[in-house]
2 protein chains.
Amino acid sequence: MESQQQAETGKNIQRQRWKQDPEGVRANILEVALKEFADRGLSGARMDEIAAKTRTSKRMIYYYFGDKDGLYRKVLEQTYREVRTGEKELMLDHLAPKEALRRLTEFTFDHHSKNPDFIRIVMIENIHHGEYLKHSDLIRGLNQEAISRIEAIYDKGLDQGVFRSGCSPLAIHWLISALSFFNVSNRVTFSLLFGDALHNREGQLDLRSQVADAVLKFVALE
Amino acid sequence: MESQQQAETGKNIQRQRWKQDPEGVRANILEVALKEFADRGLSGARMDEIAAKTRTSKRMIYYYFGDKDGLYRKVLEQTYREVRTGEKELMLDHLAPKEALRRLTEFTFDHHSKNPDFIRIVMIENIHHGEYLKHSDLIRGLNQEAISRIEAIYDKGLDQGVFRSGCSPLAIHWLISALSFFNVSNRVTFSLLFGDALHNREGQLDLRSQVADAVLKFVALE
DNA sequence: TCAGTTATGTACTGTTTCGTTAAATTGTCA
DNA sequence: TGACAATTTAACGAAACAGTACATAACTGA
């Protein structure tokens, strides 16, 4: 009886009705893949696992992205794009240079903190020697803006005599990035080795303001 | 003729003479595995590849380390141990606090720079949520010293009135670590996105001194 | 309405990779 | 000298995994 019924349903496979939604499917796959890659790394992520977590099938991943590398590549681009566009909201032109720099630093600190998946993808990309980033012209353009933004603030600060000369906007950006990035990237091991005083709730608020202090003290005069 | 000889040698397998050297074999495996894990990540590294690069066989890896995770665990411990013991050489007691802090910072910067494999293992461990570090009591002990060292310098600086109060040794350590670590960990992507001005030879010398500046300005008075 | 194209589902395949087995040989130390 | 530890070699098994073949449903535009 059981087997009879099985045989019958086996014959008349009742496909579910479905709507075509290529963009939705693509987006859904990318979203799931980002989480999975960020969580397990490039080699650690499993295509079957990603597929299972999408609302579609493995077939579609290969249909849209070719292979695992292709999928990772798109995830990388997408992630950079989202994060960088998220940074543009910030309006600093009307602020005094010191205040602008503090705001920018604290914003970056928070922004990284809120986007751990991005941080982890960048870590993974570094582990893989930037092999995929190398071949993405798209991404390079997005990042020059970050430097210009700082340059504007820095020049203004020089003009007003509140910043010391001899800093480069690139180095300032590096400094802000380093502190904001490390805070997320090494949270786990740092906490394990030294306790979570810097990474619990109050600790983070305090650390953020200390990071801003450090950046300001580095650039400001006296 | 050829095949005859082959058959014969096939029969009398001439084993090479070998010395027993368990410690040597273990060390050799760990060395190769470190490079391989650091280069490819935990999931990316292949046991067969590691085996091929050792002077011994895959069998021995399993003989000594059980499985891939066991091997990785030992690599992790070994790497932390080596790096931390390498840090102990530094003698700072006789220096003035500011000078001591500058030396410590520049030393750490160089030390990380010379140990990219360690950096990469720590990155990998963070990617894996510190799962393996969690279970290693051994490692935790090694790291408290780093804090004490800074505390000694900081307290002396407070006494002498050259450091401001309100910093914590932990935060100072975090700051030094962050900058020294990020310099190595994100070298690839940062260079790709912003050029190698900070990472070519002169760039690194300059950056090191700027990092020390930043740390000193953060801690010092006025 | 129907032909051609795009999108999707199901089941499968071939390979990679971890880990093991088996049996022999050599070194070491009490 | 005998027991035990270390090592070699070669091949195998099973599971995990990336990727594919094939069929079919939905859409589009003429």
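If you're wondering where the values come from, they're calculated on a predicted model, not measured in any experiment. Every heavy atom of this structure was used, including side-chain atoms; hydrogens, water molecules and symmetry mates were not. To find a chain, count down the sequence lines: A is the first, B the second, and so on, and within it residues start at 1.
A 6.0 Å sphere centred on NZ of A:Lys68 holds more than 12 heavy atoms belonging to other residues, nucleotides or ligands. Counted within 6.0 Å of CZ on A:Arg103, heavy atoms from surrounding residues, nucleotides or ligands total 12 or fewer; the atom is thus considered open.
Between A:Ile121 atom CD1 and A:Gln78 atom CD the span is 11.0 Å, to the nearest 0.5 Å. Distance check, rounded to the nearest 0.5 Å: OG1 of A:Thr54 to CD of A:Glu49 gives 10.5 Å. Here the straight-line distance linking atom CG of B:Asn183 with atom NE2 of B:His112 works out to 10.0 Å at 0.5 Å rounding.
In this structure a side-chain-to-backbone donor-acceptor pair under 3.5 Å is missing from A:Asn186 to A:Thr189. B:Asn143 places no side-chain N or O within 3.5 Å of a backbone atom of A:Leu193 that could act as its donor or acceptor partner.
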Hey, what are the protein-to-nucleotides 15-17 of chain C N/O distances that come in under 3.5 Å?
{"from": "C:dT17", "atom 1": "OP1", "to": "B:Arg46", "atom 2": "NE", "distance (Å)": "2.7"}
{"from": "C:dT17", "atom 1": "O5'", "to": "B:Arg46", "atom 2": "NE", "distance (Å)": "3.4"}

When you compare the protein's N or O atoms with those of nucleotides 20-22 of chain D, which come within less than 3.5 Å of each other, and at what distance?
{"from": "D:dA21", "atom 1": "N6", "to": "A:Arg59", "atom 2": "NE", "distance (Å)": "3.2"}
{"from": "D:dC22", "atom 1": "N4", "to": "A:Arg59", "atom 2": "NE", "distance (Å)": "3.4"}

Give me the distances for all protein-to-nucleotides 28-30 of chain C N/O pairs that come in under 3.5 Å?
none

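Taking the six-membered ring for Trp and thresholds of 30 and 60 degrees, A:Phe182 and A:Phe190 have ring planes more than 60 degrees apart, a perpendicular arrangement.
As rounded to whole Å, 8 Å separates atom P of C:dC18 from atom CD1 of B:Ile50. Here D:dA15 presents its C1' atom at 15 Å from CG of B:Asp67, a figure rounded to the nearest Å. Rounding to whole angstrom units, OH of residue A:Tyr72 and P of D:dA18 are separated by 15 Å. Note: CE (B:Met60) to P (D:dT9) measures 12 Å, nearest angstrom. Distance CD1 (A:Ile61) to C1' (D:dG19): 11 Å, rounded to an integer number of Å. One atom, OH of A:Tyr63, and another, C1' of D:dA25, lie 13 Å apart when rounded to the nearest Å. Rounded to whole Å, atom P of D:dG19 lies 17 Å from atom CD of A:Glu49.
With sequence neighbours left out, the side-chain hydrogen bond (donor to acceptor under 3.5 Å, both in side chains) criterion links A:Asp213 to A:Arg102. B:Asp69 is linked by a side-chain hydrogen bond (donor to acceptor under 3.5 Å, both in side chains) to B:Tyr132, counting only residues two or more places apart in sequence or in another chain. Residues satisfying the side-chain hydrogen bond (donor to acceptor under 3.5 Å, both in side chains) criterion with B:Thr56, sequence neighbours excluded, are absent altogether.
Contact between the side-chain N/O atoms of A:Ser57 and the OP1/OP2 oxygens of C:dT10 is not found at any separation under 4.0 Å. One finds a side-chain N or O of B:Thr56 lying less than 4.0 angstrom from the OP1 or OP2 phosphate oxygen of D:dT8.
Bending across the helix from C:dT1-D:dA30 to C:dA30-D:dT1, expressed as the angle between its end axes from five pairs apiece, amounts to 20° (10° rounding).
A ring-centre distance under 6.0 Å is found for A:Tyr80 and A:Phe118.
Using a 4.5 Å heavy-atom cutoff, the side chains of B:Asp206 and B:Glu202 are not in contact.
No option in B:Glu125, B:Glu77, B:His128 other than B:Glu125 meets the side chain to side chain donor-acceptor pair (under 3.5 Å) test with B:Tyr72.
Taking a 4.0 Å limit (strictly below) on heavy-atom distances, residues 123-136 of chain A does not reach DNA chain D anywhere. Residues from residues 22-34 of chain A placing a heavy atom under 4.0 Å of any atom in DNA chain C, listed by number, are A:Pro22, A:Val25.
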Taking distance alone, no hydrogens or angles, what donor-acceptor pairs closer than 3.5 Å link side-chain atoms of residues 170-180 of chain A to residues at least two apart or in another chain?
{"from": "A:His173", "atom 1": "NE2", "to": "A:Ser177", "atom 2": "OG", "distance (Å)": "3.4"}
{"from": "A:Ser177", "atom 1": "OG", "to": "A:His173", "atom 2": "O", "distance (Å)": "3.1"}
{"from": "A:Ser180", "atom 1": "OG", "to": "A:Phe109", "atom 2": "N", "distance (Å)": "3.4"}
{"from": "A:Ser180", "atom 1": "OG", "to": "A:Ile176", "atom 2": "O", "distance (Å)": "2.9"}

Name each donor-acceptor pair under 3.5 Å that joins a side chain in residues 30-46 of chain A to protein atoms two or more places apart or in another chain, with its distance.
{"from": "A:Glu36", "atom 1": "OE1", "to": "A:Lys53", "atom 2": "NZ", "distance (Å)": "3.2"}
{"from": "A:Asp39", "atom 1": "OD1", "to": "B:His129", "atom 2": "NE2", "distance (Å)": "3.0"}
{"from": "A:Arg46", "atom 1": "NH1", "to": "A:Ser43", "atom 2": "O", "distance (Å)": "2.9"}

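Applying the ring-ring contact (aromatic ring centres under 6.0 Å, His included) test to pairs two or more places apart or on separate chains, none has a residue in residues 50-71 of chain B.
The pair A:Lys88-A:Glu145 counts as a salt bridge, with a side-chain nitrogen and a carboxylate oxygen less than 4.0 angstrom apart. Salt bridge status for B:Glu131 with B:Lys134: absent, with no side-chain N to carboxylate O gap under 4.0 Å.
Residue B:Tyr64 has its side chain nearest to D:dA6 when only C:dA7, D:dT8, D:dA6 are considered.
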